[in-house]
Number of protein chains: 2
Amino acid sequence: MSSEKVTLAHVARLAGVSIITVSRVLNNKGRFSEATRARVLQAANQLGYVANTAARSLRGHPTQILGMVIPELVSPYFAELARAAADAASQMGYDLAVFTTSRDPERERERVGALLGGLADGLIIVVPIGSAGFLASLERSRAPVVLVNHFGAPTHLPVVRADSFEGSLAAVRHLLALGHRRIGFITGAAHSSQATERLRAYRECMLAAGLWDERLVRPGDFTQQRGVEAGHELLSLEEPPTAIFAASDLTAFGVIAAAQARGLQVPQDLSVVGFDDIPTAAHSHPSLTTVAHPIQAMGQAMVDLIIKAKAGEQVRDVLVEFPSELIVRESSAPPRIPGEKV
Amino acid sequence: MSSEKVTLAHVARLAGVSIITVSRVLNNKGRFSEATRARVLQAANQLGYVANTAARSLRGHPTQILGMVIPELVSPYFAELARAAADAASQMGYDLAVFTTSRDPERERERVGALLGGLADGLIIVVPIGSAGFLASLERSRAPVVLVNHFGAPTHLPVVRADSFEGSLAAVRHLLALGHRRIGFITGAAHSSQATERLRAYRECMLAAGLWDERLVRPGDFTQQRGVEAGHELLSLEEPPTAIFAASDLTAFGVIAAAQARGLQVPQDLSVVGFDDIPTAAHSHPSLTTVAHPIQAMGQAMVDLIIKAKAGEQVRDVLVEFPSELIVRESSAPPRIPGEKV
DNA sequence: TTGTAAGCGTTATCAA
DNA sequence: TTGATAACGCTTACAA
């Protein structure tokens, strides 16, 4: 019932045993009589004893905490990724501590070091932080680290990632197969390698079809707001697209809002395809055609790799790559035939 | 360039000084010559030294990490709350570690203890975890803790919360003022005190107006999917409502999707009002009338309180309460006059 | 300006 | 079955 920190010493005094005995009982390690066991447990309970994680960690004991660094919490994609990792971690008896990226790369490096220096047993890094030099120092540290959706500088660290290229190809081909010829594209954030992959697929597909038109590409940033703006830009063109592929679902919803605000119907007047398959995609009207990553499986893979690395298994150069999948819903349909009665 | 952990001892050996001197230089504390400073810095850099957070924490040094426990990451409201806290924390030189609630209350208690036991300097708890007994033990621990949106068991711990009752009243009155008489309501999750407040306001308002009808209330859980279902339920009534107030924006969007799927137009055929003002609310079509919490200010208040508590200021019984605000957008309008030409 | 000694709370190793 | 001792890496007091 005391205040301030309750240590093993307090429990030991109350139970009338030595510190180490208390430790043994609470960790269920070593031998002790049933009587002491009962007395220690009773004392610990009465005082509300909780082990000091810092001291344990210093002694080499794992914290059962996995750290995860993501660019932002409010993006549904990253939130889902974090949820998947948290679920997988929880199943393995770990807690997941989620951090968002700071703007300052130096601070970033410090934080990563701090996490690995006693706070977390492993680290899931969803953004390629900083330089190749930083990755190299992480490699050398032998700390359990896994990179997620890393497409950048080569590294020996284990990587879990999901395809964006093939899925985007499938999306554009889907629109082509429906009969669309003018297909707009709204990119993702400039620094994102996933965004680069999606643009690359769109570009390759449109070039191959002889339909490439630079004016149909608008810069985006994965947000809904930018989707509204870019949607209006594309629909204001002299020859507006009959379909728009957006690099994220949020952006796609922005496009749909822009179209509807102009009195257009989706998919009758405009087909829209997104990317991510956020929960909302299935429960909106029209429901959204989109490309999905197998997020649950990715979360599982991240945690598995960390745990393997902790156990000393060789994870150097391991690359776990997941496919993406086109999910056709209501927001894509054949273009209205020109002159067709509305 | 070594692997494994680099400690002060390694740096000291390389720099040819004592451990404590390295510590002093790196912490910029105490006196030392410029020459040793340079040598130490060079050595630390070369070895890639990072301070071990566990050891520091054990010694009483703060970790500069604030913990935050939220029910889930994928809810936009909680994600925004976490973002706001992270921003505020960052400004004060802290990192924010976000944890999601586990189902197991015993594990929850352990985790909170672990966080306070050396990992985090303070804790922001967004859910009233467990019993009054648990709150009491937190109080006794004198640890820097702040409760967010706590409406439950009385406590002396500092609380930051935002109104849900007055905002909901304003929402329902807004619909009444527009001329609606049959106003449906979809509740939030059963265990949420915020949900309770919102239902209470709706009920009070409808009773006062003599318009209360139990059939117009449908259970929800804050999700979009449930909004679709409950929306269909309400719109299938013999006398369907002309307006629906949903306990969350996601649910409101589900209602809009359900209405649109039935060929109804929002707001012409059905007015919809949500709660939360998630980013999407402003960028959808129609944009969503909703009630907003001042999330940025709340995040600031949480961090301020933690820091005050850390500094030894008295925060016992402090209650910081924020108002909510009705934001009228496009999704609410007067009901169609019966018999009016469509 | 620099170094020595002690201790934070816990657990591994050895002894009783 | 139990206990004393040392050690994890770091920083605060005190000494040189």
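Note on naming: letters A, B, ... go to the chains in the order of the sequence lines (proteins, then strands), and numbering restarts at 1 for each one.
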K.L.:
Within the 4.0 Å heavy-atom criterion, would you say B:R31 contacts the bases, only the backbone, or no part of the nucleic acid?
P.N.:
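Base, at least one base atom sits under 4.0 Å.
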
K.L.:
Quick check: closest heavy atoms across A:I295 and A:A84, and the distance to 0.1 Å?
P.N.:
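Between these two residues, the closest heavy atoms are O-CB, 3.4 Å.
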
K.L.:
Report the distance from atom CG of B:L58 to atom C1' of C:dT11, rounded to the nearest whole Å.
P.N.:
12 Å

K.L.:
Just compare D:dT12, C:dG3, D:dT2 and give me whichever is closest to any side-chain atom of B:R24.
P.N.:
C:dG3

K.L.:
Nearest heavy atom decides the nucleotide; on that basis, is A:I19 or B:S33 closer to the 5' end of DNA chain C?
P.N.:
B:S33

K.L.:
Would you kindly say whether B:Q194 and B:N149 are connected by a side-chain donor-acceptor distance under 3.5 Å?
P.N.:
yes

K.L.:
Describe the nucleic acid contact of A:R59 in one word from base, sugar-phosphate, nothing, applying a heavy-atom distance below 4.0 Å.
P.N.:
base

K.L.:
How many whole angstroms separate atom CZ of A:F32 from atom P of C:dT11?
P.N.:
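Taking atom P of C:dT11 as the reference, CZ of A:F32 is at 13 Å.
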
K.L.:
If you draw the axis of the six-membered ring of A:F151, does the NZ or CZ of A:R161 fall within 45° of it and under 6.0 Å from the ring centre?
P.N.:
yes

K.L.:
If you look at every strand shown and take non-hydrogen atoms under 4.0 Å, does B:T36 touch a base, only sugar-phosphate, or nothing?
P.N.:
sugar-phosphate

K.L.:
Can you work out whether B:I20 or A:T53 has the more 5'-proximal nearest nucleotide on DNA chain C?
P.N.:
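That would be B:I20.
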
K.L.:
Answer yes or no: are there more than 12 heavy-atom neighbours, outside A:K308 itself, under 6.0 Å from its atom NZ?
P.N.:
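Open: at most 12 neighbouring heavy atoms sit under 6.0 Å from NZ of A:K308.
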
K.L.:
Could you give the NZ-to-C1' distance, from B:K29 to D:dA13, as a whole number of Å?
P.N.:
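Those two atoms, NZ and C1', are 12 Å apart.
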
K.L.:
Please tell me which of the listed nucleotides, D:dG9, D:dT12, C:dT10, lies nearest to the side chain of A:T7?
P.N.:
C:dT10

K.L.:
To the nearest angstrom, how far is B:Y49 atom OH from D:dC10 atom C1'?
P.N.:
7 Å

K.L.:
Would you kindly give the CG-to-C1' distance between B:L119 and C:dG9, to the nearest whole Å?
P.N.:
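To the nearest whole Å, that distance equals 13 Å.
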
K.L.:
Need to verify one output field. Residue with the more 5' nearest nucleotide on DNA chain D, B:A54 or A:T21?
P.N.:
A:T21

K.L.:
In Å and rounded to the nearest 0.5 Å, what is the CD to CG distance from A:Q46 to A:L14?
P.N.:
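CG of A:L14 is found 5.0 Å from CD of A:Q46.
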
K.L.:
OP1, OP2 of D:dC10 versus side-chain N and O of B:S23: anything below 4.0 Å?
P.N.:
no

K.L.:
Can you tell me how far P of C:dG3 sits from CG of B:L8, to the nearest Å?
P.N.:
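About 13 Å, once rounded to whole Å.
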
K.L.:
What nucleic acid atoms does A:A51 come within less than 4.0 Å of, heavy atoms only: base, sugar-phosphate, or nothing?
P.N.:
sugar-phosphate

K.L.:
CD of B:E34 versus P of C:dT2: gap in Å, rounded?
P.N.:
11 Å

K.L.:
From NE2 of B:H61 over to C1' of D:dT12, roughly how many Å is that when rounded to an integer?
P.N.:
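Checked: the NE2 to C1' distance equals 11 Å.
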
K.L.:
Is the distance from OP1 or OP2 of D:dC8 to the nearest side-chain N or O of B:N52 less than 4.0 Å?
P.N.:
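So the side chain of B:N52 is outside the cut-off, no N or O lying under 4.0 Å from OP1 or OP2 of D:dC8.
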
K.L.:
Of all the choices, D:dC8, C:dT10, D:dC10, which nucleotide is nearest to the side chain of A:A55 once you look at every atom?
P.N.:
C:dT10

